Amino acid sequence: MTQSSPLIIGAGPVGLAAASFLSRHGIAARIVDKRTEPSLLSKALGVNPRTLELLESTGLTDKLLALGKKIHGATIHRGDRIVAQVDFEQLEHRFPFLLALSQATTERILREDLAERGIPIERQLELVDSPQLAEGKAELVHTETYERHLAEASWIVAADGAHSIARKSVHVSFPGDTYDRAWVLDDISLATDLDPNRAHIKFVDDGFLFMLPVVTGEEEPGEPTVWRVLGNFPEPLNYLSEANPIGKSLWNSSFHISHRLVEKMNVGNVYFAGDAAHLHSPVGARGMNLGIEDAWVLAELAKRDQLSRYQKLRWPVDNAIVQRIRTFTGFAKGESFFKRMVRNHIAPHLLRLNKVRQTMLHTVSGLDHPLPTWDD
Ligand SMILES: Cc1cc2nc3c(=O)[nH]c(=O)nc-3n(C[C@H](O)[C@H](O)[C@H](O)COP(=O)(O)OP(=O)(O)OC[C@H]3O[C@@H](n4cnc5c(N)ncnc54)[C@H](O)[C@@H]3O)c2cc1C
């Protein structure tokens, strides 16, 4: 039964990756999205080694590598001092780097792959509250004509993002918490001596600043580097002592950070993946990457007619990662006097310990858990 065509709700990176992985197993999915056009926002900037590894069999890793920029490590600053460095070269992996690439470009590569494989993305089709979704009956409404139709599928990938209607339709709770204070990002060209081959984290009294090049793959030689400047407080650009903004922000956004995980990864024939299943801070650069791994696991299980194993295989992994990132984020933003003390005075020393460095590297790279074995 699982071999028949699934319906994928959402053509973000996770829905697209699910369609792409499934098609490699001879399973042609139907994929719908409510948007008229794809999003062009840079959002997730890092494709991690685990994602590069998972996409390798599809041939897409080479395409991403040709467009992205290899980030070789992270430098941690406090005031004008460098207090610690971690290097991805210490990872024993064939992709020992984080690939800087705008989410918009990653999604374009995935869309082009589906187009080449003859899988259309059906746009302007919105999943609305569907009481029989768990039985594979999805109510879709055309966003312009408001025409309704019932799509039936033997199983459904709910990749409809943080505010998932699929999740609400099957009454799955999404426990967790949301920080009160908004985080703010600017994508902006900077005149700076900061090494563009590294991520930079700067601890300040109010929290932290994070800086990473925004790479679209369409940069002209000699163009100033566009950086993502992210802070867990308003006006992060005011905290840049080592860089001067050139011109206006290309994208400025403020958003609230949540750490949440669905209480279960599937209800009946509806399987959650990506932001519909889990949310966490961008510390660790895992959001999109973790979702793509959900999609890969689903496709591998579908191939083996073993979708019933998804909850057991995936919930503990996603849970451990959401919890670990919540802890890291608490320290990074120095949310209590104790955590600020640890962050400012103890963490730089701890990062010299191989075990601590490895934990951090394995979290950011997505290599903090083994991939499932399929024969048990
Ligand atoms: C500012 C910012 C920075 C980020 N930085 C990082 C980072 O550094 N690293 C990282 O890994 N992640 C990062 N993320 C998170 C990353 O962007 C998300 O984890 C990722 O987009 C999740 O992909 P998704 O496909 O699950 O959901 P989405 O990208 O949200 O896609 C969901 C899709 O479903 C469609 N949809 C929604 N509802 C319906 C419906 N009812 N019917 C039909 N279609 C529907 C939407 O139109 C959309 O196309 C960041 C996010 C933000 C906002």
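In this text, all values refer to a predicted model and were calculated from it rather than measured experimentally.
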Contact summary for A302 and I27, nearest pair of heavy atoms: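 Closest pair (atom of A302, atom of I27, distance): CB-CD1, 3.9 Å.
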Any luck finding a side-chain donor-acceptor pair between [X] and [Y] under 3.5 Å?
{"X": "S241", "Y": "K202", "answer": "yes"}
{"X": "T178", "Y": "R260", "answer": "yes"}
{"X": "E53", "Y": "H93", "answer": "yes"}
{"X": "R117", "Y": "S23", "answer": "yes"}
{"X": "E126", "Y": "T143", "answer": "no"}

Is it the case that the side chain of [X] and the backbone of [Y] share a donor-acceptor pair, with hydrogens and angles ignored and the cut-off at 3.5 Å?
{"X": "T192", "Y": "E242", "result": "yes"}
{"X": "E219", "Y": "T216", "result": "yes"}
{"X": "D87", "Y": "E89", "result": "no"}
{"X": "T61", "Y": "S57", "result": "no"}
{"X": "E152", "Y": "K137", "result": "no"}
{"X": "H278", "Y": "V262", "result": "no"}
{"X": "S249", "Y": "W251", "result": "no"}

Criterion side chain to side chain contact (heavy atoms under 4.5 Å, CB included) on T106 and L16, from CA distance to verdict: CA-CA 10 Å; T106 304; L16 293 168; over 6 Å; no
Please indicate whether [X] has more than 12 foreign heavy atoms, meaning atoms of other residues, nucleotides or ligands, lying under 6.0 Å from its [atom1].
{"X": "E223", "atom1": "CD", "answer": "yes"}
{"X": "L40", "atom1": "CG", "answer": "no"}
{"X": "R94", "atom1": "CZ", "answer": "yes"}
{"X": "D177", "atom1": "CG", "answer": "yes"}
{"X": "D205", "atom1": "CG", "answer": "no"}
{"X": "D193", "atom1": "CG", "answer": "no"}
{"X": "D80", "atom1": "CG", "answer": "no"}
{"X": "H149", "atom1": "NE2", "answer": "yes"}

From [X] atom [atom1] to [Y] atom [atom2], the distance as rounded to the nearest 0.5 Å:
{"X": "F21", "Y": "L55", "atom1": "CZ", "atom2": "CG", "result": "4.5 Å"}
{"X": "T58", "Y": "I109", "atom1": "OG1", "atom2": "CD1", "result": "10.5 Å"}
{"X": "R309", "Y": "L301", "atom1": "CZ", "atom2": "CG", "result": "6.5 Å"}
{"X": "W227", "Y": "L190", "atom1": "CH2", "atom2": "CG", "result": "7.5 Å"}

Ring geometry between W155 and Y271 (parallel below 30°, tilted from 30 to 60°, perpendicular above 60°): perpendicular
Cation-pi, F174 ring and R167 (6.0 angstrom, 45 degrees): yes
Passing candidate, side-chain contact (heavy atoms from CB on, under 4.5 Å) with M211, options R198, H200, R228, H77: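 For M211, the side-chain contact (heavy atoms from CB on, under 4.5 Å) check succeeds only for H200.
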Positive for side-chain contact (heavy atoms from CB on, under 4.5 Å) with I188, one of L250, L237, V226: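 The passing option is L237.
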E293/R314 ion pair, N-O < 4.0 Å: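 Yes, charged N to carboxylate O under 4.0 Å.
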Residues D368 and R324 bridged, charged N to O under 4.0 Å: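 Salt bridge: yes.
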Audit row: F208, W183, ring-ring contact (aromatic ring centres under 6.0 Å, His included) steps and yes/no: CA-CA 10 Å; F208 70 92; W183 291 26; 5.4 Å; yes
Worked check of salt bridge (charged side-chain N to carboxylate O under 4.0 Å, His left out) between D113 and R24: CA-CA 11 Å; D113 177 61; R24 263 62 187 195; 2.8 Å; yes
Pair F95 + F88: ring centers closer than 6.0 Å: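 They do not qualify: ring centres at least 6.0 Å apart.
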